[in-house]
Amino acid sequence: MLDIKFIRENKDIVQEGAKKKRIDIDIDKLITLDDERLKILKEVEDIRGEVNRVSNDIGRNQDQALKIQLIEEMRVVKEDLKGKEEKLKLAIEEWQKLMIQVPNVPDISVPDGVDDEQNQEVRNWGDKKVFDFTPKDHVAIVEDLDLADFGRGAKVSGFRGYFMKNDGALLFFALWQYFLDYFVAQGYTPMLVPSLVRKETLFGTGYLPQGEEDLYKTQDGDYLAGTAEVAMMSYYSGEILEKESLPKKFIAFSPCFRREAGSHGKDVKGIIRVHEFFKLEQIILAEASHENSARLHEEITAHVEHLMQELILPYRVVVNCGGDLGLGQVKKYDIEAWMPSQNKYRETHSSSYFHDFQTRRLNIKYRDDEGKLRYVHSLNNTACATSRLPAAILENYQRADGTIEIPLVLRKYMGGKEFIKKIN
RNA sequence: GGAGACGUGGCUGAGUGGUUGAAGGCACCGGUUUCGAAAACCGGCAUUGGGGAAACCUAAUCGUGAGUUCAAAUCUCACCGUCUCCGCCA
């Protein structure tokens with residue numbers, strides 16, 4: 001959600017921003033609605049003022065006859081007020097409907113483009129490994145080494161269901177622990193957060209109302225979140241934070257649920273695209289400064305790049321084009337790991353910042369140096385998404401004999417083991 | 001699932017129909033005092049919208065939303081949440 005004042009004062013910027021995001025919205029119409037809203041609001045407030053004044057007179061007056069006369073007068077005025085209040089309510093509803101559709105303005109550095117095809121590579125790291133054999137895809141690897149079970153996964157959980165087992169399961173645990181250790185050492189607060197969340201949290205983070213079809217919903221009207229960001233961002237909703245406590249940095253772990261509606265044909269095998277996975281997510285709440293947000297954005301991206309380098313996984317960073325940005329995002333980088341079997345990079349991390357788009361909806365504020373209440377800025381980036389990251393590791397670390405070399409930094413989390421082999 | 005209690009400002013806590021945006025306390029800010037500090041004393045101190053250059057004026061806000069009334073923190077209803085007890089489960 002943007003500030004209506006900001007929208008009014010920067011009409012063209014907001015309209016251009018929406019266009020860049022390929023979102024169809026009429027800002028002029030919104031402003032006309034806002035004019036209407038303010039006009040009716042003024043009328044309603046004037047009448048309320050009169051009612052307040054006269055009511056106070058009635059309370060103080062001892063003259064019974066006059067009292068009765070004033071009460072009668074007010075009764076008539078109230079009739080008029082009722083009609084106007086009804087009009088105001090409708091005007092606000094229509095206004096709000098449009099307000100929540102107004103996207104945040106993308107940063108000037110965001111390239112123009114329709115979808116992820118037009119995302120631009122910013123940099124890449126690592127040599128794509130040259131295999132002297134035909135590398136297997138991660139599906140074949142996990143099946144050959146008995147690291148996952150998709151057949152029984154589907155039997156038990158349905159389409160895209162999976163079990164991780166043996167060293168496949170241990171690899172997940174190793175990655176979580178490795179990433180967690182790193183972020184805790186960086187001063188991040190470790191959190192285990194709920195996946196089962198209330199509707200308001202998804203509105204606040206901008207996943208609703210637009211993303212309804214991608215979310216699982218319970219019979220009680222709650223939802224299963226697709227990321228720990230949802231619960232973590234809502235953690236401080238409605239609160240006023242101490243400026244000295246900012247930036248707050250969290251490394252939050254949770255199961256993640258995604259319906260993947262509309263992508264039925266994509267990645268139908270394996271653990272690249274699943275309905276349920278686990279993720280460590282970086283979430284930051286910071287003071288309201290664009291420079292600060294932009295700096296932190298680079299920082300949360302750099303953390304992941306550092307870890308990818310430690311894992312020796314070739315990757316590239318792309319800056320997402322306007323059309324590939326979410327409603328609230330100002331700018332987003334995707335970090336994509338090299339997948340040898342597909343001969344292309346695949347997204348493993350998504351790093352974005354929002355300014356106060358989320359916190360305005362969630363009502364998270366702090367008091368600045370002048371004592372003024374301001375909405376904090378929010379940012380988030382994937383830290384470690386299992387399953388995608390282990391899939392990349394398995395493919396990049398496979399050997400001719402079918403075994404997997406365990407990345408050096410993960411060995412201590414896997415009992416010192418160097419290779420993943422088939423257990424007989 | 002059943003029964004009950006409760007939800008007031010940054011915190012605490014009064015307030016059951018009429019200048020109550022809300023007493024008192026804590027915290028915070030300014031001042032007096034002091035060599036300096038503490039203590040004490042004096043003063044200030046909610047948010048949001050609208051108008052205004054400003055002083056200031058005005059409307060709304062006591063969990064949320066409806067309702068009763070000339071007038072609601074206060075009465076009614078629904079919802080959300082918290083707590084206590086019982087039941088169920090671990």
Side-chain angles (χ1 to χ4, degrees), chain A residues 1-9 30-100 102 192-194 196-204 208 217-223 230-231 234-246 248 285 287-288 356-357 359-376:
Chain A
M1 181 106 75
L2 292 179
D3 184 357
I4 183 64
K5 261 194 220 157
F6 175 84
I7 296 173
R8 294 190 73 110
E9 284 163 14
L30 174 66
I31 288 172
T32 306
L33 284 175
D34 193 46
D35 289 339
E36 183 68 8
R37 177 184 71 95
L38 291 176
K39 188 180 141 242
I40 303 171
L41 184 65
K42 178 89 176 97
E43 290 172 16
V44 166
E45 286 188 353
D46 285 347
I47 300 173
R48 279 182 188 159
E50 193 194 344
V51 171
N52 285 347
R53 266 191 305 280
V54 176
S55 289
N56 282 338
D57 287 344
I58 293 169
R60 267 178 294 177
N61 211 301
Q62 295 304 316
D63 183 341
Q64 287 304 319
L66 184 60
K67 269 191 182 186
I68 289 164
Q69 186 203 327
L70 288 173
I71 286 170
E72 271 315 309
E73 278 174 25
M74 280 306 100
R75 206 165 272 161
V76 177
V77 174
K78 284 278 300 256
E79 275 313 304
D80 181 34
L81 179 61
K82 251 188 188 140
K84 289 223 159 68
E85 281 180 332
E86 192 54 38
K87 238 172 96 186
L88 177 63
K89 200 179 142 190
L90 292 173
I92 289 174
E93 273 172 15
E94 208 180 337
W95 174 80
Q96 254 170 354
K97 224 157 90 190
L98 216 51
M99 275 298 282
I100 59 169
V102 179
L192 289 171
V193 310
L196 183 62
V197 292
R198 307 167 54 122
K199 199 173 193 171
E200 293 71 35
T201 64
L202 290 153
F203 269 107
L208 283 176
K217 192 176 177 179
T218 74
Q219 66 267 46
D220 298 318
D222 296 324
Y223 291 80
V230 176
S234 306
Y235 187 69
Y236 287 114
S237 63
E239 297 191 28
I240 295 169
L241 308 178
E242 294 295 327
K243 181 173 184 284
E244 292 70 35
S245 73
L246 302 175
K248 286 182 181 294
L285 295 176
E287 60 183 278
D356 59 8
F357 189 90
T359 55
R360 186 179 300 277
R361 289 189 179 192
L362 289 165
N363 191 24
I364 308 172
K365 297 178 183 175
Y366 74 100
R367 215 171 277 280
D368 70 9
D369 290 331
E370 278 93 58
K372 202 170 165 279
L373 286 173
R374 306 190 65 179
Y375 293 105
V376 305

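What you see is a predicted model; the values in this text were computed from it and never measured. Just so it is clear: chains get the letters A, B, ... in the order the sequence lines come, proteins before strands, and each one is counted from 1. Values below: all heavy atoms of this structure, side chains included; hydrogens, waters and symmetry mates excluded.
Atom P of nucleotide C70(B) and atom NZ of Lys82(A) are separated by 9 Å, given to the nearest angstrom. Going from atom CD of Glu85(A) over to atom P of U68(B) covers 11 Å, rounded to whole Å. The separation between Asp3(A) atom CG and U47(B) atom C1' is 15 Å, rounded to whole Å. Atom CZ in Arg367(A) sits about 12 Å away from atom C1' in A27(B), given to the nearest Å. Between the CZ atom of Arg374(A) and the P atom of U47(B) there is a distance of 15 Å, rounded to whole Å. Going from atom OH of Tyr375(A) over to atom P of U47(B) covers 13 Å, rounded to whole Å.
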Less than 3.5 Å apart, which donor and acceptor atoms pair up between the side chains of residues 31-46 of chain A and the rest of the protein, not counting sequence neighbours?
from     : atom 1 : to       : atom 2 : distance (Å)
Thr32(A) : OG1    : Asp28(A) : O      : 2.9
Asp34(A) : OD1    : Arg37(A) : NE     : 2.8
Asp34(A) : OD1    : Arg37(A) : NH2    : 2.8
Asp34(A) : OD1    : Trp95(A) : NE1    : 3.0
Asp34(A) : OD2    : Arg8(A)  : NH1    : 2.4
Asp35(A) : OD1    : Arg8(A)  : NH1    : 3.2
Asp35(A) : OD1    : Arg8(A)  : NH2    : 2.6
Lys42(A) : NZ     : Asp46(A) : OD1    : 3.2

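Look at A27(B): it lacks any Watson-Crick or wobble partner with both distances under 3.5 angstrom. Across all strands shown, G49(B) forms a Watson-Crick or G-U wobble pair with U58(B), both key distances being under 3.5 Å.
For G49(B), the OP1/OP2 oxygens have no side-chain nitrogen or oxygen of Arg37(A) closer than 4.0 Å.
Of the candidate nucleotides C70(B), G49(B), G10(B), C70(B) has the atom lying nearest to any side-chain atom of Met74(A). Comparing C80(B), G49(B), C70(B) against the side chain of Arg75(A) picks out C70(B) as the nearest.
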When you compare the protein's N or O atoms with those of nucleotides 17-23 of chain B, which come within less than 3.5 Å of each other, and at what distance?
from   : atom 1 : to       : atom 2 : distance (Å)
G18(B) : N2     : Ser55(A) : O      : 2.8

Mind listing the N/O atom pairs, protein and nucleotides 53-64 of chain B, below 3.5 Å?
from   : atom 1 : to       : atom 2 : distance (Å)
A60(B) : OP2    : Asn52(A) : ND2    : 3.3

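A donor-acceptor pair under 3.5 Å is absent between the side-chain atoms of Arg367(A) and the main chain of Ile240(A), judged by distance alone.
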